[in-house]
Amino acid sequence: MPSAQAHYDFDTLIIGAGTAGSRLARRLSDAGLRRIAVVEAGGTRTPVQAKVPAWYPWCFGSAIDWCYATIHQPELLGRRIGWPRGKIVGGSGAINALIDIQSGKQDWQRWGWDWANQLTSCDDPLSPENPTAIHPWSDHFLTACEQSGLQSHQPLTQVDRNSCGRFLLARRNGQRIHAGQQLSDLDQVTLITHNEVLELILSNDRVIGLRITSDCGSSPETITARRVILCAGTVGTPLLLQKSGIGDPELLQDAQINCQVNSPDVGQNLLDHLVVPIVYQARSADGLPRIHGPGARSLFRVDGSGSMTSNIAEATAFKSLSADRTADYQIYFTPTHYWKYPRRDDGRSFLSLNITDLHPRSRGAIQLARDTSGSLQAVIDPKYLSHREDIARLSAALSWAQSIANQPALAEIIADPYTIRSTSSEDHEAMFRKFSQSIYHPVGTCAMVSPLGGYEAVVDSHFKFKGLENLWIADASVLPDLPSCNPNRTILLLADRLAQLLIEC
Ligand SMILES: Cc1cc2nc3c(=O)[nH]c(=O)nc-3n(C[C@H](O)[C@H](O)[C@H](O)COP(=O)(O)OP(=O)(O)OC[C@H]3O[C@@H](n4cnc5c(N)ncnc54)[C@H](O)[C@@H]3O)c2cc1C
């Protein structure tokens with residue numbers, strides 16, 4: 001790690017060692033590029049809860065979490081919604097739910113990603129594991145999905161219309177794997193950890209340096225590079241741009257920041273997946289939390305097997321309403337009480353069909369603002385359920401989930417519809433507002449140009465920032481729209497694409 005007040009110079013400087021930044025560094029290094037540096041605010045030390053799949057919720061609120069939260073959401077009864085984001089080498093991929101699924105062809109067509117098909121067949125150093133054993137209730141769920149007419153794929157590698165299956169997991173021998181682990185031992189990559197980038201230093205349409213500060217309290221240092229690639233994620237990337245005077249001039253002025261580059265949609269176009277847990281009480285008491293006993297721990301220690309290797313949301317189903325979208329709704333099945341896990345339940349056991357509208361209409365923004373003491377704060381406002389259509393879409397997703405719960409394979413293990421007894425649409429709407437949570441898939445705050453339109457693109461189709469000569473962005477913030485599934489694999493894919501472009505040029 002550099003010492004205080006030093007000056008370092010590289011060819012390629014990547015900011016953020018998360019899913020995208022780590023993958024990109026690895027791909028560039030494998031292709032023989034030299035003098036690469038990755039600057040990361042977190043460290044490499046991985047606590048046990050980030051290794052054991054079933055313990056990932058214990059990462060939330062810990063030292064490896066940025067611990068963001070939205071501002072009060074008027075349409076969610078004024079609640080603030082927690083937004084964990086990984087602050088560690090590996091980023092959010094080091095604390096996520098391990099689900100590995102490829103987005104569908106319709107997504108790529110809508111975004112103009114005609115290159116995606118060809119890239120997905122490339123060698124993958126992070127290939128996921130096929131779950132060998134899952135909780136028996138997850139199998140009941142999958143049978144019920146088939147009974148309702150969905151097509152089963154075992155496992156489900158890519159989102160498909162009206163389908164169901166077990167998830168592939170980012171696991172090796174039962175333990176989590178993530179892109180950050182692939183940075184170790186790369187000769188040509190200098191990994192600078194525990195250093196947060198505070199500002200990009202600009203001159204004549206170029207980034208000429210970075211101001212960074214370290215956890216150890218050393219003075220800010222400067223680093224220069226021929227090209228700079230921002231991979232700080234959907235929250236970190238727009239915040240860093242705005243701190244550097246890049247964004248909407250009026251909003252920057254409100255935050256008392258001098259505008260250096262007018263890029264009005266930095267921080268705008270924010271989209272996220274909400275999840276609504278539909279919890280049922282089970283007939284038996286054998287839910288997942290109750291089988292995490294000492295026996296499960298020793299199985300995990302001995303050969304990486306047993307219930308501790310579960311990522312909790314073990315099985316899924318997709319439903320599509322239109323030809324141009326791969327899927328509109330997704331169900332995550334958990335053999336737990338969704339929002340009480342990881343706490344143990346009171347002798348009763350629960351299972352949950354957790355519904356997500358994959359393409360909500362509500363859009364929000366992330367913006368820096370001064371608080372009353374004059375410090376800069378991140379204002380995260382997804383404007384959840386602010387678009388009226390989103391309630392109707394959730395209602396349709398609920399009816400679909402209930403039709404699966406009523407199939408014989410689930411009906412035989414369900415004792416009681418715990419959260420939804422009423423059939424009134426008003427009661428359902430009230431439940432959406434009371435219980436929705438983020439499922440942690442925010443995207444879009446530095447959106448790439450796409451055929452979708454309706455926003456001012458921040459980067460071009462080659463990930464190049466529009467307005468500076470040597471700045472690229474490659475992370476979840478460039479996705480112009482939400483993928484029709486969990487996004488991590490799509491973010492690996494876009495990192496692979498930028499690597500391909502940089503290697504070719
Ligand atoms: C709890 C949780 C569960 C999830 N579950 C799944 C799942 O099961 N499957 C799935 O597909 N997706 C899942 N996701 C989403 C997925 O993990 C993320 O979309 C993906 O990791 C985002 O990748 P990224 O590279 O854009 O950002 P990140 O992986 O978040 O990387 C950003 C990196 O930049 C660093 N950084 C930020 N600001 C700075 C700065 N100023 N200076 C230096 N470093 C900085 C951060 O510390 C971090 O390491 C989940 C996310 C969370 C949080």
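Ligands are counted one by one from 1 in listed order, and the atoms in each one are counted from 1 as well. Keep in mind that what you see is a predicted model, and the values were worked out from it rather than measured.
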So is there a nitrogen or oxygen of W66 less than 3.5 Å from a nitrogen or oxygen in ligand 1? yes

Kindly indicate whether the side chain of L494, heavy atoms from C-beta on, has any atom under 4.5 Å from the side chain of L498. no

Could you tell me whether R489 and ligand 1 have an N or O pair separated by under 3.5 Å? no

N311 and R171, any side-chain heavy atoms less than 4.5 Å apart: no

Numbering as shown, the atoms of ligand 1 that approach N486 to under 4.0 Å (heavy-atom distance): 9 (N), 10 (C), 11 (O)

Below 4.0 Å from any atom of ligand 1, is there a heavy atom belonging to W83? no

Counting from 1 in the order shown, the ligand 1 atoms closer than 4.0 Å to a non-hydrogen atom of T19 are 20 (C), 21 (O), 23 (O), 25 (O), 29 (O)

Quick check: N96 and ligand 1, any N/O pair under 3.5 Å apart? yes

Above 12 or not: heavy atoms from other molecules or residues under 6.0 Å from CG of D371? yes

Would you say F60 touches ligand 1, if touching means a heavy atom closer than 4.0 Å? yes

At a 4.0 Å threshold, what atoms of ligand 1 neighbour a non-hydrogen atom of C231? 32 (C), 33 (C), 34 (O)

Which heavy atom of the protein is the closest neighbour of atom 19 (O) of ligand 1, given with residue, atom name and distance? I491 CD1, 3.4 Å

Is there a side-chain contact between R110 and W108, using heavy atoms and a 4.5 Å cut-off? no

Check this for me - ligand 1, A97, N or O atoms closer than 3.5 angstrom, yes or no? yes

Within the structure, does P487 bring an N/O atom to less than 3.5 angstrom of an N/O atom in ligand 1? yes

For P84, the ligand 1 atoms with a heavy-atom partner under 4.0 Å come out as 53 (C)

Would you say Y384 and D272 are linked by a side-chain donor-acceptor pair, where the criterion is simply a distance under 3.5 Å? yes

How long is the straight-line distance from OG of S484 back to CG of D107, given to the nearest 0.5 Å? 3.5 Å

Identify the closest protein heavy atom to atom 27 (O) of ligand 1: which residue and atom is it, and at what distance? G233 CA, 3.7 Å

How close do V159 and A327 get, counting heavy atoms only, and between which atoms? CG2-CB, 4.1 Å

Any idea which atoms of ligand 1 are less than 4.0 Å away from a heavy-atom of N195? 43 (C)

Pair L471-L200, side chain to side chain contact (heavy atoms under 4.5 Å, CB included): steps then yes or no: CA-CA 10 Å; L471 182 66; L200 308 179; 4.2 Å; yes

Please state whether the rings of W58 and W55 are parallel, tilted or perpendicular, taking 30° and 60° as the class boundaries. perpendicular

Should the pair R166-D139 be classified as a salt bridge under the 4.0 Å nitrogen-to-oxygen rule? yes

Would V197 count as a polar contact of ligand 1, with the cut-off being nitrogen or oxygen pairs under 3.5 Å? yes

Tell me which protein heavy atom sits closest to atom 20 (C) of ligand 1, plus the residue, atom name and distance to 0.1 Å. N488 OD1, 3.3 Å

Could you check atom 31 (O) of ligand 1 against the protein and tell me its nearest heavy-atom contact, residue, atom and distance included? G18 CA, 3.2 Å

Using a 4.0 Å heavy-atom cut-off, say whether V235 meets ligand 1 through its side chain, its backbone, both or neither. neither

Quick test: of every protein heavy atom, which one is nearest to atom 8 (O) of ligand 1, and how far off is it to 0.1 Å? I99 N, 3.0 Å

Which of parallel (below 30°), tilted (30 to 60°) and perpendicular (above 60°) describes H273 and H441? perpendicular

When you look at D248 and Q367, which way does the side chain to side chain donor-acceptor pair (under 3.5 Å) test go after all the steps? CA-CA 10 Å; D248 180 300; Q367 192 62 44; over 6 Å; no

The atoms of ligand 1 lying under 4.0 Å from a heavy atom of A476, numbered in the order shown, are 26 (O)

Quick one: closest heavy-atom pair of L271 and S362, and the distance? CD2-O, 3.5 Å

Closest approach of any protein heavy atom to atom 52 (C) of ligand 1, naming residue and atom: Y440 CB, 3.4 Å

Report yes if some N/O of T234 lies less than 3.5 Å from some N/O of ligand 1; otherwise report no. no

Ligand-residue contact atoms, ligand 1 with I95, heavy atoms, under 4.0 Å: 1 (C)

Below 4.0 Å from any atom of ligand 1, is there a heavy atom belonging to I88? yes

Give a yes or no on whether a salt bridge exists between R489 and D496, defined as a side-chain N under 4.0 angstrom from a carboxylate O. no

Please write down residue, atom name and distance for the protein heavy atom closest to atom 48 (C) of ligand 1. G86 O, 3.4 Å

Where is the nearest protein heavy atom to atom 49 (O) of ligand 1: which residue, which atom, and how far? E40 OE1, 2.6 Å

What are the two closest heavy atoms between Q73 and P382, and how far apart are they? NE2-CD, 3.5 Å

Under 6.0 Å from the NZ atom of K464, do we count more than 12 heavy atoms belonging to anything else shown? yes

Numbered in order shown, the ligand 1 atoms found under 4.0 Å of a heavy atom of A20 are 25 (O)

Less than 3.5 Å apart, any donor N or O on the side chain of R176 or N96 sitting next to an acceptor on the other? yes

Backbone or side chain, does any N or O of A41 fall under 3.5 Å from an N or O of ligand 1? yes

Would you say E196 has any N or O atom under 3.5 Å from an N or O of ligand 1, going by distance alone? no

